[in-house]
Every structure is written in C-alpha cells, then in structure tokens.
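Taking it in order: structure first as structure tokens, then the write-up.
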2 protein chains.
Amino acid sequence: MRWSLDDVPVYVAVVEQGGMTGAAELLGRPKSSVSTAIARLEKGLGIRLLERNSRSQRVTAEGETFYRHAQLILEQAREADATVAGLRADPAGRLTVALPPAFCQEVVAPRLHAFRQAFPKIDLQIVITSHGVDLLREQVDMAVVVGRMVDSDLVTRVLIAGALTCVASPAYLAANPVDEGLEGLRRHIQLCETRYGIKRMPVHVAGQAAVLDLQTGISHVNNPLVVRAAVLNGAGVAPLPRHYVRDQIREGSLIEVQPEVTFDIEASTLSAVYLSRRLMSPRLRAFVDFLAEACR
Amino acid sequence: MRWSLDDVPVYVAVVEQGGMTGAAELLGRPKSSVSTAIARLEKGLGIRLLERNSRSQRVTAEGETFYRHAQLILEQAREADATVAGLRADPAGRLTVALPPAFCQEVVAPRLHAFRQAFPKIDLQIVITSHGVDLLREQVDMAVVVGRMVDSDLVTRVLIAGALTCVASPAYLAANPVDEGLEGLRRHIQLCETRYGIKRMPVHVAGQAAVLDLQTGISHVNNPLVVRAAVLNGAGVAPLPRHYVRDQIREGSLIEVQPEVTFDIEASTLSAVYLSRRLMSPRLRAFVDFLAEACR
DNA sequence: TCCTGTCGTTCAAAATTCTGAACGCTGCGA
DNA sequence: TCGCAGCGTTCAGAATTTTGAACGACAGGA
C-alpha cells in the first residue's frame, strides 16, 4: 500500500463537495493542502482520480470506484471513533434493552459482570422477551431479535449470522450410526426449534440445493437451549445455531453430524435493532458494541 | 476525529506482532516511529491502548476494542488497494462466469458494454444457469447464486440483500382495491416466483411477526422477470425483489402495495461466489467489483 | 546478586508535509 | 470579444513528522 490513509478523507470531501475549494472549507484546511493531498494520492495509487483542468473537475471512472471504497474506509473510521468516544465518556444513565431468553442466558448472562465492571454508571435494565421489536419505540432502547429486520427507520446490526449445524451426543451416535445422505440425516431428527420447523427447509449439500422436511413427525420447542439440553441427553440429531453449540463441540459433549449440509435460512440470524445510528447515546453504543464483541 | 488514520496500520502491527520491535521490523520503519505513532494515537483517541512498562506491554480492554475496529479499517483499505491495483493492471485473459437468467438479463446485460469498454482485454464468457455453484470448481471462475452460500472454502460476496416488496399495476389496483391487513393482501396474490412459494413465508408487519401462505392456490414460475411481466399486465399483486421493480416503481408502471410488510427470507439475496479471496485474479476482481457496483 | 540482551523511550538533526500568498487558467456574462 | 470571478496549482518558508543513535529499564540466566 503505497498511499496514505490520511488522504482518503480529503478525497471523499473533494468528491462530495464537488471541488477542492469546497472540500478545503469543509475540512478547515488551506486548499493548497487539499490539492497536494489529491496529487499525492493519485501518484500513490497510480491512477487518475479526477479529470481536471485548472478550473473544474469531474470524477473519473476509476475515481468513482475508489470513492466507494474510500467511503467504506471512512465509515469504519468514524465507527471506531464513535466507539472510543463512548468508552472515554464513561457512559451513564438508564438503558433498557429487550433480549430473547436463550440469547440472554447463553451469551449475555456470563458476560454481564464484565459489562457492569467496564461501565459501572450504566443502569442496565433487561427485559426478557422474544418480541422485543414491539417494545422498541416506547419501552426499550434496543432489542435483540431473530432475523434481519428491514425497516426504514430502524437500524439493524447483525450480531450472529450463524449458520445452523446438525449435532448429536457421542453416546447417541455410537448407538445409532447416521447413514449418509439427507435421508439418513432426516431419520435421526426428533426435535427442532419451532422457528426452523418448516416443511421445506432449503439446504445446500456440497453446492447442491435440496430441501429437508423439518415438520412432519418432529417435535418443536421454541427455545434452542431446550433443544440443546435434549440432544445432550440423547434426543437424536437436531439442527442448532452453531453459536449455541460451539463450546459443546469443542469439549466433545456434542458432535457435528454431516457438517457439509448448510441451511439457507435467516431464522438463525440474531440482530440488534435500535432507532437511530447517528444520535446513539454513548450507553447504547457501549452496550451494542459489547454485544457485538460477545458474539464474535 | 482528532487522530490520524495513518497510525492505524502501525497499531495493528504492534498488536499482531506483540511488540513494537516486531512491528517496526514488519513495517520496515525504525522503532522510534512506531513508538511515537502509538503515543500520538493514544493521545488523539484520549485512551490508553497499551499498558506498557519499558520492557513489555499488553493490550488494554479499550485497546482490544479499538483493535477490532482498526482491523476493519485496514481490511477496507487493503480491499481498496487491491481494486485499484486491478484497475491499473489492465486485466486480461479469459474469465468464465455463471449467471442466473433473470440477473443476467436485468442487471448485467445493460451494463455489459461499459464493462467491455473498461476492460477490453478481458475475454468474458457467460454461462446462463441457475445452478452455477455446481460448475464452480471445474468450469467457471465465479458464479452468482441465490442465497447466502456458506461453505468453508468458498468466498461469498453479497450483491443484493434485497428485500421482497409487493407490487401491482396501477390499472389492477384501480379495478381491485386491496383491503388492509395481511389477508387483504393475500387475496390478490395470484402468481409468485417458485423460490418464494412456500406455505409459511415468515413476514413482519410493523415489527409484528406473522406468516403468509404463498403456496395454496397460487401459480409459480421460476423466473422473477416472468412474474414481473405478468404483474405489469394486471396479474394481481406479487412479491418481487425490490431490485427488479425499482425502475418500474419510479416511472409509475408498478405501485408498491402494503410496503410495511417485510419478508424474512434469504431467497431474495443474490451473492457472488468464488474460490479464494487472496489469490483472486485481477480480471475476476474487476468483474466482481463491476457486479457489486451495478447492484448498488 | 550481578550481568547481559532486549525492549520501549527520548532527543536533536533531517526529511517531509503544511501553509498562505501569488499565479495562471477557464468559463461565464456583458 | 473582452474582462472578471473563481478555481486549481505552485512555491518558498514554517511547522511537523521521521529517523537513527543514545538511553534507561526490566527479565532471565549465571
């Protein structure tokens, strides 16, 4: 990388202001700095970003491409800055959040102490519910929900884009070997989270699309931790979010079955949903960052 | 933002090398530069990144948080650099790609001329198929597929995370007003793309989860453009990827019906899938970047 | 306990970048 | 056709950053 990241904000400003003079004003620096920064960036990248004769300019095709990337870089930088600003501000005040039962128990609870220690002045109120979005406007500052909520005036941040994976206990597998193929797998599924219990679950096996019936003759529970507990005690094979079985797989109390089968479903995604990205309170930012880190 | 982006790569190097000396070696700069860069960054951010006594150091909690953001910034920067390098290299050679019919016709075809003009030396071969992944290893360099393929040794780049939206022609709506509520909507759906034609399509209406039967008594076609053509000619209301109806909505030949209904489904996602991110040929990178830009 | 190798910091000189005024060019209106 | 206003570029001095060597501090082995 033979170019300087510090010239990126300058270039973005020039493109967005439509000229160096405007950019210079926006950035509060002399226009000569802007001019040299652009020249340096072009030299470093080895391409011409702006087609310019001494009076006007337009963005070249390559410049357009680079601009898109530059925006992303800047966005990340601003995100980092906002997070750090939040850390420094020692966020305080009441923060009410809605969390689904399993997520709260499995991911948040074990780390709650660390959060309270890092932000002792945040008065965190947790509401356990699976329908957090309904409370979003009136009663809670943020909700963790299943899926990838798309709503024009809500901001969604994906926490777990977790794929489902099929697992079973070693004891069960020893007693009941699983045949190859989807049908072999299907015969061992006794129990499944309600959300995944659809008749034609689309799956991929080594790139091949197929469907799996997760409804007929299968019991359903609307809590993944119940399914996990059952499977740990020998209730056959069940598809579960990888995030909830990672530890068990590592320590050997669960074994992945046919890991080549991937499930094409949004229902295993968990997202944090809140109102505005720009006017996010430091305490909300701190908590969302904390969740994102906990889910890594 | 009171800190310099140029110090970010230095910090990342220090964290990853576990020390300033190692980082200095990696970056090929004197360690004094590394030391001052870190000190400057800490001052600019207003937080302590590394807890260090004159011999060793460890990353603080805040430093860990910032490191994650720093990685993202750097990743974006590298991505930008690779793209520009690709542009400059004047990519050449044969590139074979697999595209689904509707996507190729609607998104790629109108922009193909621009691509050929920008990269005249790329000998582009297009295979029209809906099962591009199957060809991925042997016959094509890249495939555009429906969904969000998760496969350990495939790289996926989401092109359209498009939500579905329900549309109808103005003439149809004038003659057949749609009642409020999901059931009102349901009565007008006559036709639907095969992929969305499931019995319990999960939807959200203003945050409330619900399901919509898109199977019983509905005709299915496995091509969204056919559905669109039919709806344009009065075939009731149909859910379609927003990306395929954007132009029609703008020019008024289609109208959104109950836009507050959002569909929770991956089937409307389109992704580019290819083998390796690191060893991507310049021509493949050029084409994937072109697709991403076309889908913006 | 002392020695030694290694690590991060400091400092003044050197290189680089930044700055503001002057310059030259171009599009627009008269 | 001409003149002016506004834009990007240039240039030399000023400010900042970079650099390599010297320094101080600590861990581990003798």
Side-chain angles (χ1 to χ4, degrees), chain A residues 1-64 66-67 70 73-74 77, chain B residues 1-64 66-67 70 73-74 77:
Chain A
M1 220 164 64
R2 316 194 59 74
W3 45 283
S4 164
L5 283 174
D6 276 329
D7 291 335
V8 169
V10 180
Y11 176 64
V12 170
V14 170
V15 173
E16 285 175 0
Q17 295 295 313
M20 298 205 182
T21 308
E25 224 163 279
L26 182 76
L27 298 169
R29 319 159 126 269
K31 53 183 182 167
S32 57
S33 302
V34 176
S35 178
T36 38
I38 299 298
R40 184 171 51 227
L41 193 56
E42 285 185 328
K43 193 175 156 217
L45 291 169
I47 59 172
R48 181 160 278 292
L49 296 170
L50 304 169
E51 198 60 67
R52 52 195 191 283
N53 42 15
S54 60
R55 185 160 170 70
S56 73
Q57 62 194 292
R58 46 166 256 279
V59 185
T60 64
E62 293 90 10
E64 183 71 27
F66 185 72
Y67 171 64
I73 295 171
L74 214 52
Chain B
M1 219 163 68
R2 316 195 58 75
W3 44 283
S4 165
L5 284 174
D6 276 331
D7 292 335
V8 169
V10 180
Y11 177 63
V12 170
V14 170
V15 173
E16 286 176 358
Q17 295 296 312
M20 300 207 181
T21 307
E25 224 163 279
L26 182 77
L27 297 169
R29 319 158 124 266
K31 53 184 182 167
S32 58
S33 303
V34 176
S35 177
T36 41
I38 298 300
R40 184 171 50 226
L41 193 57
E42 285 185 329
K43 191 173 158 221
L45 291 169
I47 58 172
R48 181 158 281 290
L49 296 170
L50 305 168
E51 198 60 67
R52 52 196 192 281
N53 44 12
S54 59
R55 187 160 168 69
S56 73
Q57 62 194 293
R58 47 165 255 279
V59 183
T60 64
E62 294 90 10
E64 183 71 28
F66 185 73
Y67 170 65
I73 295 171
L74 214 53

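By convention in this document, chain letters (A, B, ...) are assigned in the order of the sequence lines, proteins followed by strands, and residues within each chain are numbered from 1. Treat the numbers as computed from the prediction; the structure is a model and nothing was measured.
- When rounded to the nearest whole Å, the span between CG of B:L50 and C1' of C:dT9 equals 14 Å.
- Formation of a donor-acceptor pair under 3.5 Å by the A:T36 side chain with backbone atoms of A:S32 is found in this model.
- Heavy atoms of B:S33 sit under 4.0 angstrom from at least one base atom.
- For B:P30 against B:A24, the heavy-atom pair with the smallest separation is C-CB, 4.1 Å.
- One interatomic measurement links the two molecules: CD of A:E25 to P of D:dG6, which rounds to 12 Å at whole-angstrom precision.
- Checking the phosphate oxygens (OP1, OP2) of D:dT9, no side-chain nitrogen or oxygen of A:T36 falls inside 4.0 Å.
- Protein atom CD of B:Q17 is 12 Å distant from nucleotide atom P of C:dC7, rounded to whole Å.
- Taking side-chain N and O atoms only, A:Q57 has a distance below 4.0 Å to OP1 or OP2 of D:dG8.
- Summarising the geometry of A:L50 relative to A:T60, their closest heavy-atom pair is C-CG2, 4.0 Å, with the distance given to 0.1 Å.
- Rounded to whole angstrom, the span from the CE atom of B:M20 across to the P atom of C:dT10 amounts to 10 Å.
- Closest heavy-atom contact between B:V10 and B:V34: CG1-CG1, 3.9 Å.
- Summarising the geometry, the separation between CG on A:L27 and C1' on C:dT19 is reported as 15 Å, rounded to the nearest angstrom.
- Contact annotation: side chain of A:S35 to base of D:dG8, donor-acceptor pair absent below 3.5 Å.
- The two atoms that bring B:R52 and B:M20 nearest to each other are NE-CE, 3.8 Å, heavy atoms only.
- In this structure, B:A37 and B:K31 both approach DNA chain D, and ranking their closest nucleotides by distance from the 5' end singles out B:A37.
- Contact annotation: B:R52 side-chain N/O to C:dC7 OP1/OP2 distance is not under 4.0 Å.
- As rounded to whole Å, 17 Å separates atom C1' of D:dA27 from atom CZ of B:R58.
- When each of B:R40, B:R29, B:R2 is checked for a salt bridge (Lys or Arg N to Asp or Glu O under 4.0 Å) with B:D7, only B:R40 meets the rule.
- Note on the helix from C:dT1-D:dA30 to C:dA30-D:dT1: angle between the axes of the first and last five pairs equals 20°, rounded to 10 degrees.
- Residue-level contact check: A:S32 touches the bases, meaning some heavy atom is under 4.0 Å from a base atom.
- Atom P of nucleotide D:dT16 and atom CG of B:D7 are separated by 16 Å, given to the nearest angstrom.
- Between B:R40 and the phosphate of D:dT18, there is a side-chain N or O to OP1/OP2 separation shorter than 4.0 Å.
- Atom C1' of nucleotide D:dC7 and atom CD of A:E51 are separated by 16 Å, given to the nearest angstrom.
- Annotation: B:W3 is in aromatic contact with B:F66 [ring centroid separation under 6.0 Å].
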